[in-house]
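This report concerns only the one structure given below.
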Amino acid sequence: MSFKYINKIPSPEEIINAIPLEKSLVDIKSKRDKEIREVFEGKSNKFILVIGPCSADFEDSVCEYVNKLSLVQDKVKDKILMIPRIYTNKPRTTGEGYKGMMHQPDPNEKPNVTEGIKSIRKIHIRAIKESGLTSADEMLYPENYPYVADLLSYVAIGARSVENQQHRLTVSGMDIPAGMKNPTSGDISVMFNSIKAAQISHNFIYNGYEVETSGNLLAHAILRGAVNQHGDCIPNYHYENLALVAEEYEKRGYINPAIIIDTNHSNSMKKFDEQTRIASEVIHSKLHSPALNKLVKGLMIESYLVDGRQDSPDVYGKSITDPCLGWEKTEKLIYDIAEKL
């Protein structure tokens, strides 16, 4: 066997007991979950922004960002509901590079998964306590979800995970909105099959148990663009793309149809500054069509304290993974979106 066993990882129960969510924060999360759920159920017209750094790298800078977001949230609360991205797992195309706080709690130090698990609970809890905002994370490893299940208000399933059976079945046991991205190929039928699988009940093996789920009727579509066989980015946020997804939703008759548009990744052709233009076009498309106005629930935006990205963590609040919008541009974008809605 080629595996080298390093440490026995503590169970979710052990970690949660060691780093619990205090009662006052449980109440905040319950209220936030209800507000977010109502958007996806069509009971609220607020516009969702899943917004924040590409990856959560350092606790202080991420929490400073979320606190800034909270101040803006108060000013746009009648129109916009913001869910900060605190993405503690980072998928890597080639497997190389920083894999997120779960594996490497300090990007300057060696990986330490046990400490990483503690770190991700601490950062999510700190963000709630300081800002009053509950966050979103990407579920890259389904077996790790129980470590943060009591903390998250939104989960995203990435383009490379959305075809995976275990991801789909795990989402079916969640009671929070879960966005299923289209795969990198751009095949929306894969995305819709994933949504269907997540919305129905299942029996399966999970973390050493046989489990039964009831289905997650808040599972929905995230459009993130595609990559063709030549490696070229193909956006799918244009009006015609949204209309096609709307038509497919209508044909399939899914419960709680919803679209979130990822303004970065292949939609921006990896040009992070394009996110402001893309957001503006999506809002225009949404308001142009009554059907899309009802279906397009929000945007996913990558932003941080400082514009762009860096290879090593030299600049405080600047992404060490994908490039992000800086804070000044982010704040302006949020107000611009609120004004247009």
Side-chain angles (χ1 to χ4, degrees), residues 36 38-51 79-81 83 154 156-159 162-163 168 177-199 216-229 232-271 274-302 333 336-341:
I36 295 167
E38 287 179 346
V39 173
F40 287 95
E41 291 177 335
K43 299 175 183 177
S44 167
N45 291 324
K46 289 186 180 180
F47 194 66
I48 297 283
L49 294 183
V50 182
I51 184 169
K79 293 184 177 181
I80 292 174
L81 190 54
I83 309 173
Y154 186 94
I157 305 301
V162 74
E163 298 186 64
R168 296 176 174 192
M180 318 298 278
K181 287 194 174 185
N182 64 263
T184 53
S185 69
D187 185 349
I188 65 169
S189 67
V190 171
M191 177 184 70
F192 275 107
N193 290 341
S194 184
I195 295 169
K196 177 66 175 179
Q199 288 198 348
N216 183 354
L217 297 181
L218 302 178
H220 59 274
I222 299 178
L223 300 181
R224 52 86 72 200
V227 180
N228 69 15
Q229 60 184 341
D232 301 318
C233 293
I234 306 171
N236 62 3
Y237 63 86
H238 297 303
Y239 183 87
E240 293 77 12
N241 302 116
L242 301 180
L244 180 63
V245 174
E247 182 181 321
E248 193 66 23
Y249 256 129
E250 180 71 21
K251 186 190 305 179
R252 292 174 181 251
Y254 288 1
I255 296 172
N256 298 325
I259 302 173
I260 300 289
I261 292 89
D262 181 345
T263 61
N264 214 9
H265 297 102
S266 292
N267 271 332
S268 69
M269 300 186 181
K270 300 185 179 180
K271 299 175 182 177
E274 292 296 306
Q275 291 185 100
T276 55
R277 178 189 59 76
I278 293 165
S280 179
E281 180 178 329
V282 171
I283 298 298
H284 182 270
S285 297
K286 172 181 168 67
L287 299 178
H288 179 74
S289 162
L292 292 183
N293 195 29
K294 184 177 180 181
L295 188 62
V296 175
K297 303 291 187 182
L299 301 170
M300 183 171 282
I301 299 168
E302 290 193 324
L333 174 59
D336 285 348
I337 291 171
E339 186 176 341
K340 290 172 182 175
L341 290 172

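Note: hydrogens, waters and symmetry copies are ignored here, and every other heavy atom, side chains too, is used.
In this structure, OG on Ser268 lies 11.5 Å from CD1 on Ile301, to the nearest 0.5 angstrom. Here Glu339 contributes atom CD and Leu341 contributes atom CG; the two are 10.5 Å apart, rounded to the nearest 0.5 Å. Taking CD1 of Ile255 as the reference point, atom NE2 of His220 lies at 15.5 Å (rounded to 0.5 Å). Annotation: the span from Ser266 atom OG to Leu223 atom CG amounts to 12.0 Å, rounded to 0.5 Å.
In terms of heavy-atom proximity, Gly186 sits nearest to Ala226 at CA-CB, 3.4 Å. Of all non-hydrogen atoms in Leu218 and Glu41, the two that sit nearest each other are CD2-CG, 3.9 Å. Between Ala198 and Met180, the closest heavy-atom pair is CB-CE, 4.3 Å. When all heavy atoms are compared, the tightest approach of Met300 to Ile260 is N-CG2, 3.9 Å. What you find for Tyr254 and Asn193 is that their closest heavy atoms are OH-N, 4.4 Å. For Ala279 against Ile337, the heavy-atom pair with the smallest separation is CB-CD1, 4.3 Å.
Listed for the Gln275 side chain is a donor-acceptor partner under 3.5 Å among the backbone atoms of Glu302. For the pair Arg224 (side chain) and Ile261 (backbone), a donor-acceptor distance under 3.5 Å is absent. Distance alone, capped at 3.5 Å, is enough to place a donor-acceptor pair between the Ser289 side chain and the Leu292 backbone. Checking side-chain atoms of Asn182 against main-chain N and O of Gly225 turns up a donor-acceptor pair under 3.5 Å. Under a 3.5 Å cut-off, the side chain of Asn228 and the backbone N or O of Asp232 do form a donor-acceptor pair.
Here salt bridge (Lys or Arg N to Asp or Glu O under 4.0 Å) pairs that include residues 257-266, with residues two or more places apart or in two chains, are Lys181-Asp262. Within the structure, salt bridge (Lys or Arg N to Asp or Glu O under 4.0 Å) contacts touching residues 287-299 (residues at least two apart or in different chains) do not occur.
Here His288 pairs with Tyr239 under the ring-ring contact (aromatic ring centres under 6.0 Å, His included) rule; sequence neighbours left out. Contacts of His284 classified as side chain to side chain donor-acceptor pair (under 3.5 Å), with partners at least two apart in sequence or in another chain: none. Not counting sequence neighbours, the partners of Arg277 by the salt bridge (Lys or Arg N to Asp or Glu O under 4.0 Å) test are Glu274, Glu281. Listed by chain and number, the residues in a ring-ring contact (aromatic ring centres under 6.0 Å, His included) with Tyr249 are Phe192 (sequence neighbours excluded). A search for side chain to side chain donor-acceptor pair (under 3.5 Å) contacts involving Asp187 returns Ser189, not counting sequence neighbours. When the ring-ring contact (aromatic ring centres under 6.0 Å, His included) test is applied to His265, no partner is found at least two apart in sequence or on another chain. Here Glu38 pairs with Lys34, Lys43, Ser44 under the side chain to side chain contact (heavy atoms under 4.5 Å, CB included) rule; sequence neighbours left out. Under the rule for a salt bridge (Lys or Arg N to Asp or Glu O under 4.0 Å), Glu250 has no partner lying at least two apart in sequence or in another chain. Evaluation of the ring-ring contact (aromatic ring centres under 6.0 Å, His included) rule for Tyr237 yields no partner, not counting sequence neighbours. Applying the side chain to side chain donor-acceptor pair (under 3.5 Å) rule to Glu247 yields no partners; only residues at least two apart in sequence or on another chain are considered.
Of the candidates Asn293, Leu242, Ile259, Asn293 is the only one forming a side-chain contact (heavy atoms from CB on, under 4.5 Å) with Lys286.
At least one side-chain heavy atom of Met191 sits less than 4.5 Å from a side-chain heavy atom of Ile195. With contacts defined as side-chain heavy-atom distances shorter than 4.5 Å, the pair Val39/Leu81 qualifies. You'll find the side chain of Asp336 stays beyond 4.5 Å of the side chain of Ser280, heavy atoms only. In this structure, the side chains of Ile48 and Phe40 come closer than 4.5 Å at one or more pairs of heavy atoms. Using a 4.5 Å heavy-atom cutoff, the side chains of Leu299 and Val50 are not in contact.
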For Ile188 and Leu244: C-alpha separation, side-chain torsions, deciding distance, then whether side-chain contact (heavy atoms from CB on, under 4.5 Å) applies.
CA-CA 9 Å; Ile188 65 169; Leu244 180 63; 4.2 Å; yes
Could you go through the side-chain contact (heavy atoms from CB on, under 4.5 Å) check for Ser194 and Glu163 one step at a time?
CA-CA 7 Å; Ser194 184; Glu163 298 186 64; over 6 Å; no
Decide side-chain contact (heavy atoms from CB on, under 4.5 Å) for Ile283 and Leu287; before the verdict, give the C-alpha distance in whole Å, the side-chain angles of both, and the deciding distance to 0.1 Å.
CA-CA 6 Å; Ile283 298 298; Leu287 299 178; 4.0 Å; yes
Does the side-chain contact (heavy atoms from CB on, under 4.5 Å) test come out yes or no for Ile80 and Lys46, once each step is laid out?
CA-CA 5 Å; Ile80 292 174; Lys46 289 186 180 180; over 6 Å; no
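A donor-acceptor pair shorter than 3.5 Å cannot be found between the side chains of Asn267 and Thr263.
Atom NZ of Lys270 is surrounded by 12 or fewer heavy atoms from other residues, nucleotides or ligands within 6.0 Å.
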